[in-house]
Amino acid sequence: MNVIYNFSPGPAMIPKEVLYKAQKELKNWNNLGYSVMEISHRTKEFYQVVIEAEEDLRSLLNISDNYRILFCQGGARGQFSAIPMNLLGNFTQADYINSGYWSNSAFLESKKYCNSNNILIRQLKNKKIFLLKPSQWNIRDVSAYIHYCPNETIDGISLYEEPNFNNKVVVGDFSSYILSRSIDINKYGLIYAGAQKNIGPSGITIVIIRKDLIGYASKSCPSILDYSIINKNNSMFNTPPTFAWYLSGLVFKWLKKKGGVKIIEKLNQKKSDLLYQVIDNSDFYINNIVKENRSQMNIIFHLINSELNEIFLKESKKFGLHALKGHSIVGGMRASIYNAMPIEGVKQLVKFMLFFEKKYG
Ligand SMILES: *Cc1c(COP(=O)(O)O)cnc(C)c1O
């Protein structure tokens, strides 16, 4: 077995074509005689990288002119702080929709800055997890914004309905959801995503923000988290992670070449369907999330006989299938199948799961 498929949740797989291109031009980028990592972010060559990355992302997500794209640092967790510091303005409250590990972490961090309302939307019905729909959320007039997370990377739970509240600023942690399916950006005040799940290497964080929301940072907000300062400096207030920016740009071009988000969305549906089918057709594997709220990016499953977990991981690795271990707080297995995972990798996992079930079931 020499083909290896990497199901890592993040940092995650990057398309092979992108890696080959980066490798090819690594030591002599743009005929300069050195790599893209070794030039100033203020050169005209790097400026071209920046322009194209922004243009490509804009066209992939259909982002209109009244939004700014900021390329930030500090990861998604940095945004957990930046968001309240920038968006509260004169408000003292914000609504945090709680659907799992990451949205809960955002809620906990926000409490340093405001009176946050913890709105639990995760419920159980017949032992299955489901999420309350946006129309059932108990949001409040006194809140500056509503924060939610459409894909809970660790829990394998997704909310596909886009929240739409008139005049309410909706903020989304799209770290493991961005570019996996089309969205209507106009429904959001701000969406953000660390790159290391569905874009590129870690180190760069995308913030897409409606222009009228820029300029309200609190006095104590650190300059490098102040959207207005980042914006005025074209995301170069401090030295940006240039290699991560460049590689993210290559991923955007790769995705455009594949046909864009509408095409990848269909493929993502197909990929996740293949795995959930195996799980649902067996008495050996289980996933206890209702169909409507199952993640297409992070497929969670448990072996009913958990004593087989270690053997499953050992044998799957021998089969060329890596990083399937679930997060410790959920247990079991997790197959992260972001855009970069080809359907062949998913089919290989299906093959292995059926084989393993036959052997031990
Ligand atoms: C990975 C992840 C984070 C944390 O990202 P960092 O870049 O490590 O801060 C936050 N939210 C979601 C949904 C994630 O998947």
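Just so you know, ligand 1 is whichever comes first in the structure, and atom 1 is the first atom listed for that ligand. Atoms considered below: every heavy atom in the structure, side chains included; atoms not considered: hydrogens, waters and symmetry mates.
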Record the part of Ser105 in heavy-atom contact with ligand 1 below 4.0 Å; permitted values are side chain, backbone, both and neither. neither
Measure up the Phe352 and Phe312 rings against each other and bin them: parallel (under 30°), tilted (30 to 60°), perpendicular (over 60°). perpendicular
Are side-chain N/O atoms of [X] and [Y] paired as donor and acceptor at under 3.5 Å?
X	Y	result
Asn298	Ser336	yes
Glu25	Tyr246	yes
Asn287	Arg294	yes
Ser295	Asn151	yes

In the protein, which heavy atom is nearest to [atom], and how far is it?
atom	result
atom 9 (O) of ligand 1	Arg77 N, 2.8 Å
atom 14 (C) of ligand 1	Lys197 NZ, 2.9 Å
atom 8 (O) of ligand 1	Gln196 NE2, 3.5 Å
atom 15 (O) of ligand 1	Thr153 OG1, 2.4 Å
atom 13 (C) of ligand 1	Asp173 OD2, 3.4 Å
atom 5 (O) of ligand 1	Ala76 CB, 3.4 Å
atom 4 (C) of ligand 1	Trp102 CH2, 3.4 Å

Touching ligand 1 at all, Gly10? Heavy atoms, strictly under 4.0 Å? no
Verify the cluster assignment for Ile286 and Ile311: are they in a single hydrophobic cluster under the rule of side-chain heavy atoms below 4.5 Å apart? no
For the student: nearest non-hydrogen atoms of Ile289 and Lys128, plus distance: O-NZ, 4.4 Å
